[in-house]
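Structure record follows, encoded as structure tokens.
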Amino acid sequence: MKRTILLLSALILCVEAFAAKEYKLLSPNGKLEVTITTEPQLSYKVECNGDLVLAPSKIGLKVYKGATLGKGDKVKRVKRTTVDTTIPTKFYFRDVIKDHYNALRIDFATRYAVEFRAYDEGIVYRFVTNFKSDFVLEKEIAEFAFAKDYNGYFPYTNKTGTRKDNFFSSFEAPYHKCELSRFDKERVAFVPVIVEHDNYDICILESDVEHYPGMFVSNQKGATALCGEFAPMPDKVVVGGYRKLQDVIEVRKPYIAECKAATNTPWRILLITDDKNTLLDNDMVYRLASPSRIEDTSWIKPGKVAWEWWNNWGLTGVPFKAGINTETYNYYVDFAAKYGIEYVILDEGWAELYLNDLTKVVPEIDLQAIVDHGKKKGVGIILWAGYNAVKGKEEEVCRHFAEMGVKGFKVDFLDRDDAQMVDFQYKLAEVAAKYKLMIDYHGCTKPTGLNRTWPNVVNFEAVLGLECSKGKRSLRYNVVDYDLEIPYLRMVAGPMDYTQGAMRNVSKKNYYPCYRRPMSQGTRCRQMAMYAIYFSPFCMLCDSPILYEREAECTKFIAEFPTVWNETVVLDGHIGDYVAMARRSGDTWYVGVMNDWTARKVELDLSKILGEGEYVAEVFRDGVNADMLGEDYIHETVTVPESRKMVADMAPAGGFVLKLKIKN
């Protein structure tokens with residue numbers, strides 16, 4: 001009987017492979033259906049509950065000076081599988097990820113395949129090649145066609161002008177909300193992006209980008225269609241940019257990647273939901289990334305970081321001149337040790353500028369003495385480094401500073417994600433792991449799962465974070481609304497180094513950019529709530545130890561925050577308006593709520609997270625005058641009602657944060 005079933009299955013596959021030009025795949029719950037068409041051009045469309053979500057969209061690969069894969073190629077075989085398993089995580093916002101999908105792989109006679117997976121949360125696909133020799137890829141065809149002129153959220157790259165310039169970006173940009181037809185034809189946007197269908201939201205992003213450029217989207221071919229754009233490989237590169245820390249690409253090659261014969265392209269992802277709040281804790285990017293390449297991860301210690309650049313080394317009342325010197329950093333170490341903060345960072349300036357040589361430490365710094373003082377106090381030292389100070393010297397840099405006892409690097413000013421830059425990120429991660437060093441990438445592309453593959457990469461910037469509030473750029477966009485968009489967009493890609501924790505907190509009318517005495521827009525409790533809402537395994541406390549000492553009860557509270565979590569639950573939210581998140585570490589729950597410039601009360605249903613028994617909540621909430629004086633707050637301890645309902649009553653640009661434990 002078993003043999004008969006196997007023969008019948010083989011016959012069905014054979015018939016499907018040779019008779020069909022159209023293949024359908026359903027999600028496990030049956031709601032999502034993707035239809036793949038192989039002729040005359042490989043394309044797919046997506047429906048949800050019978051409603052067209054994505055119109056037929058072309059996909060393919062164009063080999064440089066060769067064929068276009070996906071254009072009339074003969075199907076060789078079709079394979080269907082179902083997977084229902086779990087993935088244990090490292091340094092994430094939940095312990096285990098459920099991985100349940102139906103898959104369809106179509107192999108073509110020309111030695112390549114396309115793989116589709118249908119999850120309940122969305123549709124993903126990638127190409128797989130198995131050629132006889134390595135090849136060069138001219139472009140990837142990745143269309144996202146929609147039936148109507150829907151609204152979307154698009155973060156354009158920083159640069160304007162030619163399309164070539166658009167591929168040079170710090171990946172720090174506000175979201176431009178507009179109809180698809182009004183997408184700026186001269187620019188590209190980096191993913192994730194959201195398109196708002198009549199009944200669903202579609203989030204476009206990617207995972208497992210390796211030896212390959214990251215994806216942007218543009219609107220070049222149709223009023224209601226987006227298409228993938230990929231930075232060509234650099235050809236002529238010169239050192240330049242900010243303080244000679246960056247590469248400037250003067251000429252690019254006429255192709256995007258140099259590929260091995262056996263290549264997997266990145267996963268293209270469409271998350272599809274009728275509730276944007278499901279995006280707040282989506283696991284798809286981590287799930288699809290390559291597994292960890294570090295066997296023993298016990299040495300990797302996520303944690304919080306005392307950071308000096310944002311507060312401009314702002315110490316007062318000390319018997320030494322504050323600045324980039326040994327005394328200042330030892331003071332930061334002492335502060336970190338007092339509050340249980342795991343790390344101190346030495347940002348730009350500890351090594352001689354313009355030299356791109358990290359061994360040339362400025363004379364005011366005794367780096368070994370700072371590292372030794374930190375070791376004595378139980379505080380690790382992290383060093384800032386510009387890209388060009390590390391590129392090509394990964395081995396010697398990592399070996400030298402690991403021998404000193406440094407714990408890792410914050411590497412900045414990458415500002416590209418062409419295949420060459422992606423390779424650098426993977427190479428540095430691997431070399432750093434060899435020397436047991438952690439990496440925090442800044443001035444970089446969004447994460448695409450590198451933190452799963454190399455879990456010593458503990459954070460990424462790629463966000464218009466609090467550092468931008470020091471300058472006039474903060475006047476060109478609505479910071480408060482942006483802070484409530486990024487949990488639904490940027491954070492879907494992975495961890496996010498926003499660098500929160502400001503202790504100078506002001507209302508909209510009192511805010512002004514100030515480089516040496518920076519401030520945040522909104523209330524104190526808003527800044528504190530960010531530690532619960534923004535996922536950040538390597539998390540900054542951005543303000544001065546002097547201000548933190550003056551605000552000791554706030555400091556103690558945020559210093560005790562975990563940075564990785566056992567469980568995450570979305571409580572409520574609406575993109576751009578407000579968000580409420582709960583995260584658990586051990587037997588303790590932390591809840592954060594933030595809102596926009598409208599005063600708002602949000603009822604929290606804590607029955608979603610709390611079990612039986614009596615719970616006590618330590619609460620920080622906006623004071624009655626927080627609308628005028630953002631630093632006004634109330635700190636109290638209350639018993640959670642039996643109804644498990646609590647109300648977050650927030651001032652404009654306010655916040656609410658609580659810590660929940662069962663009563664002993």
Side-chain angles (χ1 to χ4, degrees), residues 91 299-350 364-385 401-402 404-410 436-440 442 458-459 465-467 497-504 518 527-528 530-531 534 536-564 585 590:
F91 318 123
W299 56 271
I300 303 172
K301 306 290 185 184
K304 295 168 295 297
V305 189
W307 183 37
E308 22 69 292
W309 181 88
W310 194 80
N311 59 77
N312 201 51
W313 299 264
L315 304 181
T316 58
V318 295
F320 54 84
K321 183 69 173 177
I324 302 173
N325 56 53
T326 302
E327 294 85 356
T328 296
Y329 284 112
N330 281 342
Y331 190 96
Y332 276 80
V333 167
D334 292 342
F335 159 73
K338 178 178 178 180
Y339 286 94
I341 298 167
E342 293 86 350
Y343 300 97
V344 165
I345 191 167
L346 277 64
D347 212 287
E348 182 182 18
W350 66 271
E364 296 82 5
I365 291 284
D366 185 337
L367 185 56
Q368 189 65 65
I370 295 170
V371 171
D372 292 345
H373 184 62
K375 184 176 181 180
K376 186 185 304 181
K377 295 281 190 172
V379 176
I381 299 301
I382 306 295
L383 299 178
W384 179 93
F401 289 102
M404 290 186 69
V406 169
K407 298 301 181 183
F409 289 96
K410 171 185 171 182
K436 297 186 176 180
L437 295 171
M438 298 187 301
I439 300 294
D440 176 13
H442 269 237
V458 286
N459 218 346
L466 196 66
E467 69 173 51
D497 199 0
Y498 184 90
T499 66
Q500 61 267 31
M503 292 288 112
R504 291 189 179 97
Q527 288 289 306
M528 297 174 70
M530 289 178 179
Y531 288 93
Y534 295 163
S536 185
F538 195 67
C539 189
M540 304 287 174
L541 276 74
C542 69
D543 224 323
S544 165
I546 301 302
L547 293 183
Y548 284 131
E549 290 283 13
R550 292 176 188 169
E551 305 288 349
E553 64 179 0
C554 295
T555 303
K556 181 177 182 296
F557 190 78
I558 61 177
E560 292 175 353
F561 255 82
T563 63
V564 296
S585 176
Y590 292 79

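All residue numbers refer to positions in the sequence shown, counting from 1.
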Closest non-hydrogen atom pair between M528 and F561, with its separation: O-CZ, 4.4 Å
Would you say the ring centers of Y331 and F335 fall short of 6.0 Å from each other? no
Are more than 12 heavy atoms, taken from residues, nucleotides or ligands other than K304, located less than 6.0 Å from that residue's NZ atom? yes
Specify the closest pair of heavy atoms between D543 and L547, including all atoms of both residues, with the distance to one decimal. OD1-CD1, 3.4 Å
Counting C-beta onward and ignoring hydrogens, is there a side-chain heavy-atom pair between I324 and I365 closer than 4.5 Å? yes
Spatial distance of atom NZ (K375) from atom CE (M404) [nearest 0.5 Å]: 12.5 Å
Please tell me if the side chains of K410 and I345 come closer than 4.5 Å, counting only heavy atoms from C-beta onward. yes
For the atom pair CD (Q527) and CD (Q500), what is the distance rounded to the nearest 0.5 Å? 7.0 Å
Report yes or no: does Y548 contribute a side-chain atom to a donor-acceptor pair with the main-chain N or O of G501 at less than 3.5 Å? yes
Between K321 and E327, does any side-chain N to carboxylate O distance fall below 4.0 Å? no
Answer with yes or no whether the side chains of D347 and W307 bring together a donor and an acceptor at under 3.5 Å. yes
Are I370 and I381 close enough that some pair of their side-chain heavy atoms sits under 4.5 Å apart? yes
Would you compute the distance between atom OG of S544 and atom CD of E551 and round it to the nearest 0.5 angstrom? 11.5 Å
Indicate whether the side chain of W313 and that of Y329 have a donor and an acceptor atom separated by less than 3.5 Å. yes
State, without any angle test, whether Y590 and E560 hold a side-chain donor-acceptor pair at a distance under 3.5 Å. no
CD-OG1 distance between E549 and T555, expressed to the nearest 0.5 angstrom: 7.5 Å
Pair L383-L367, side chain to side chain contact (heavy atoms under 4.5 Å, CB included): steps then yes or no: CA-CA 10 Å; L383 299 178; L367 185 56; 3.9 Å; yes
Determine whether the aromatic ring centres of F538 and Y343 lie less than 6.0 Å apart. yes
Which atoms form the tightest heavy-atom contact between M438 and P302, and what is the distance? SD-N, 4.5 Å
When L346, V379, V344, I341 are each screened for side-chain contact (heavy atoms from CB on, under 4.5 Å) with Y332, the one that passes is V344
A369 to N330 - nearest heavy-atom pair and separation: O-OD1, 4.4 Å
At what distance, to the nearest 0.5 angstrom, does CG of D497 lie from SG of C539? 7.0 Å
For residues L541 and W310, determine if any side-chain heavy atom of one lies less than 4.5 Å from a side-chain heavy atom of the other. no
Between the side chains of D334 and H373, does any donor sit under 3.5 Å from an acceptor? yes
Quick one: pull up CE in M503 and CZ in R550 and give me the separation to the nearest 0.5 Å. 12.5 Å
For residues N311 and C542, determine if any side-chain heavy atom of one lies less than 4.5 Å from a side-chain heavy atom of the other. no
Side-chain heavy atoms of S536 within contact of Y498, under 4.5 Å: no
Could you check whether F401 and F409 have their ring centres less than 6.0 Å apart? yes
Shortest non-hydrogen pair, P537 vs T563, comes out as O-OG1, 2.9 Å
Heavy-atom side-chain proximity of L315 to F320 below 4.5 angstrom: yes
Quick one, D440 and M540 - any side-chain contact, counting heavy atoms below 4.5 Å? yes
Minimal non-hydrogen separation, W309 against E467, with atom names: CZ3-CB, 3.8 Å
